[in-house]
*Asks:* 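One structure is given below, represented as structure tokens, and several questions about it will come after.
Each chain gets a letter, A, B and so on, in the order its sequence line appears, and its residues count up from 1.
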Number of protein chains: 2
Amino acid sequence: MSQPAARDPDLTRARILEAALDLFVEQGPAAVTMREIAAASGVTKSLIHHHFGSKEALWSAVKEDGFLRYAQGQRADLEAASAPGSELLENSVLRYFRFLQQHPGVVRMFAWAHLEKDDSCGEADAALVGLGAQRIREAQQAGVLRDDINPTHVVTIFVNACTYWFEARAHHAQWPGIGSDEEFLEDFLKVFMAGLAPRP
Amino acid sequence: MSQPAARDPDLTRARILEAALDLFVEQGPAAVTMREIAAASGVTKSLIHHHFGSKEALWSAVKEDGFLRYAQGQRADLEAASAPGSELLENSVLRYFRFLQQHPGVVRMFAWAHLEKDDSCGEADAALVGLGAQRIREAQQAGVLRDDINPTHVVTIFVNACTYWFEARAHHAQWPGIGSDEEFLEDFLKVFMAGLAPRP
DNA sequence: CCGGCAATTGACCGGTCGACCAGTTAATTA
DNA sequence: TAATTAACTGGTCGACCGGTCAATTGCCGG
């Protein structure tokens with residue numbers, strides 16, 4: 001006979017967070033009810049309140065957890081793409097694009113956070129962007145990239161282009177002549193890298 | 001003494017649409033109540049149902065109206081920036097950026113639509129993007145822009161970079177070394193235009 | 001092995017939501 | 001001007017929301 005699962009508050013919290021993440025990211029925090037989260041995570045509504053206090057606190061915990069995992073993944077990616085110079089930049093764009101491609105929920109989570117003017121997401125990746133900008137500055141000083149562009153803006157440009165590509169995918173899919181993920185990435189990289197080449 | 005306002009269903013509809021637009025764009029469709037919209041537009045809740053049927057239908061009407069006005073404004077802008085060649089492209093980016101700068105609600109309305117997977121926004125500007133892409137194609141054939149890039153992707157790149165700049169403004173504001181609207185626009189234009197210059 | 005505490009449950013509460021409806025008023029038309 | 005239609009109002013309903021609470025269960029240190 002199936003025993004009732006042994007008590008494991010950490011696992012319970014994790015299960016609630018996981019179910020809540022899925023629902024929140026998919027439907028938005030306002031449209032999800034505590035009852036849905038309870039049903040999806042296999043616990044009682046009261047238990048969610050016991051562990052997280054309120055719906056808003058749960059949503060905050062979900063975002064904090066999500067942003068943390070995002071930042072950790074990106075940091076690992078940035079350190080893995082360690083080849084210096086312009087190859088590093090091209091690799092970074094490629095890795096960032098692939099990351100969003102494989103984690104569509106991340107784009108949506110950021111979008112929800114932006115719409116509700118939650119700037120806590122900035123804390124998650126500010127240090128990461130600073131690190132990336134530093135690498136670009138080094139490449140500029142080495143003469144590999146043109147040096148009349150703010151390094152942080154270099155990061156911002158490719159982050160914006162890639163992120164919004166996935167956020168507005170269904171929208172832009174209706175534009176005449178639009179290509180696939182791969183074709184867009186290829187074209188963007190051409191323009192981006194050529195635009196950053198040292199000036200003659 | 002103040003007469004009760006003469007009946008004017010068109011004006012009433014317009015007032016409801018305007019109030020609903022503001023509230024929906026600011027808080028998102030799920031967070032806004034019919035009672036709020038009624039209070040903000042100075043009519044009864046029942047009257048909104050009379051004119052629009054349901055909350056969802058009202059939100060659809062708001063989006064449709066918003067997208068239409070957006071597309072009309074953009075079309076006017078595109079036709080105004082009629083100088084051919086690479087100047088046209090630079091002007092288009094500039095005008096698009098300024099448009100979003102002056103209409104922050106548009107960015108948010110598109111973001112809400114994207115998050116709820118409403119692809120009706122694509123119908124609004126598909127023709128417009130097609131027109132822009134055609135101009136770029138002509139510039140490519142004239143040798144003013146490099147011709148190994150999908151023209152639609154050229155549009156997409158600058159639309160993404162500009163739109164997400166405003167959508168994630170509060171987020172990116174926390175990034176170290178980030179600049180102002182003007183500084184970002186300048187840097188983006190440098191990279192973008194240089195990246196699209198004909199190859200040697 | 002027992003006493004305390006956290007994990008967990010189900011019933012329940014006040015409040016608010018979107019929608020509906022019967023009734024009233026003003027414009028339109030025949 | 002009588003009749004018809006559409007604009008508009010106030011009141012109300014059932015559903016469902018987030019949150020609370022007393023009671024129960026299982027773990028774990030003394």
*Asks:* Ignoring backbone atoms, establish whether B/His51 has a side-chain N or O less than 4.0 Å from OP1 or OP2 of D/dC8.
*Replies:*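 Yes, within the criterion.
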*Asks:* Just distance, no hydrogens or angles: give the donor-acceptor pairs under 3.5 Å from side chains in residues 185-200 of chain B, sequence neighbours left out.
*Replies:*
residue, atom, partner, partner atom, Å
B/Asp187, OD2, A/Asn150, N, 3.0
B/Asp187, OD2, A/His153, ND1, 2.7
B/Lys190, NZ, A/Asp148, O, 2.8

*Asks:* Identify each donor-acceptor pair in which a side-chain atom of residues 16-30 of chain A lies under 3.5 Å from a protein atom, sequence neighbours left out, and give them as a table.
*Replies:*
residue, atom, partner, partner atom, Å
A/Glu26, OE2, B/Lys117, NZ, 2.2

*Asks:* Just to verify, what does B/Glu79 make a salt bridge (charged side-chain N to carboxylate O under 4.0 Å, His left out) with, not counting sequence neighbours?
*Replies:*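 Checked B/Glu79 against salt bridge (charged side-chain N to carboxylate O under 4.0 Å, His left out); zero matches.
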*Asks:* With a cut-off of less than 4.0 Å, is there a side-chain N or O of A/His50 near OP1 or OP2 of C/dA7?
*Replies:*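 Checking A/His50 against C/dA7: at least one side-chain N or O falls below 4.0 Å of OP1 or OP2.
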*Asks:* Rounded to whole angstrom units, what separation is found between the CG atom of A/Asp8 and the C1' atom of D/dC28?
*Replies:*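 Interatomic distance, CG of A/Asp8 to C1' of D/dC28: 15 Å.
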*Asks:* Among residues 16-23 of chain A, which contact DNA chain D at a heavy-atom distance under 4.0 Å?
*Replies:*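 Residues of residues 16-23 of chain A under 4.0 Å from DNA chain D: none.
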*Asks:* Report the residues that fulfil ring-ring contact (aromatic ring centres under 6.0 Å, His included) with B/Tyr70, sequence neighbours left out, ordered by chain and then residue number.
*Replies:*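 B/Tyr70 satisfies ring-ring contact (aromatic ring centres under 6.0 Å, His included) with B/Phe99, B/Phe110 only.
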*Asks:* For nucleotides 11-21 of chain C, read 5' to 3', which letter fits each nucleotide if B means a protein heavy atom sits under 4.0 Å from the base, S means only the sugar-phosphate is that close, and - means neither?
*Replies:* B-----BBBBB
*Asks:* According to salt bridge (charged side-chain N to carboxylate O under 4.0 Å, His left out), who are the partners of B/Asp119, at least two apart in sequence or on a separate chain?
*Replies:*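 Partners of B/Asp119 under the salt bridge (charged side-chain N to carboxylate O under 4.0 Å, His left out) test: none.
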*Asks:* With a 4.5 Å cut-off on side-chain heavy-atom distances among I, L, V, M, F, W and Y, is there a chain of contacts connecting A/Leu78 to A/Phe67?
*Replies:*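 No; tracing contacts between hydrophobic side chains, which count when under 4.5 Å, never links both residues.
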*Asks:* Among residues two or more places apart or on two chains, list those pairs meeting side-chain hydrogen bond (donor to acceptor under 3.5 Å, both in side chains) that have a residue in residues 45-66 of chain B.
*Replies:*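 Checked against side-chain hydrogen bond (donor to acceptor under 3.5 Å, both in side chains) - neighbours excluded - the pairs reaching residues 45-66 of chain B are B/Trp59-B/Glu116, B/Lys63-B/Glu116, B/Lys63-B/Asp118, B/Asp65-B/Arg69.
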*Asks:* Can you give me every donor-acceptor pair (side chain of residues 122-141 of chain A, partner residue at least two apart or in another chain, under 3.5 Å) with its distance?
*Replies:*
residue, atom, partner, partner atom, Å
A/Asp125, OD1, B/His171, NE2, 3.1
A/Asp125, OD1, B/Trp175, NE1, 3.0
A/Asp125, OD2, B/His171, NE2, 3.0
A/Gln134, OE1, A/Arg137, NH1, 2.7
A/Gln134, NE2, A/Glu138, OE2, 3.4
A/Gln140, NE2, A/Arg146, O, 3.1
A/Gln140, NE2, A/Ile149, O, 2.9

*Asks:* Rounded to whole Å, how long is the line connecting atom CD1 of B/Ile48 with atom P of D/dT9?
*Replies:*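 For the pair B/Ile48 CD1 and D/dT9 P, the rounded distance is 10 Å.
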*Asks:* Taking salt bridge (Lys or Arg N to Asp or Glu O under 4.0 Å) as the cut-off, I'd like each qualifying pair that reaches into residues 32-43 of chain A, sequence neighbours left out, listed once.
*Replies:*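 Qualifying pairs: none.
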*Asks:* Could you give all pairs that pass the side-chain hydrogen bond (donor to acceptor under 3.5 Å, both in side chains) test and reach residues 157-168 of chain A, with sequence neighbours left out?
*Replies:*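 Qualifying pairs, neighbours excluded: A/Tyr96-A/Thr163, A/Trp165-A/Asp181.
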*Asks:* Below 3.5 Å between N/O atoms, which protein atoms pair up with nucleotides 23-25 of chain C? Just atom names and distances, please.
*Replies:*
residue, atom, partner, partner atom, Å
C/dT25, O2, B/Arg7, NH1, 2.9
C/dT25, O2, B/Arg7, NH2, 2.7

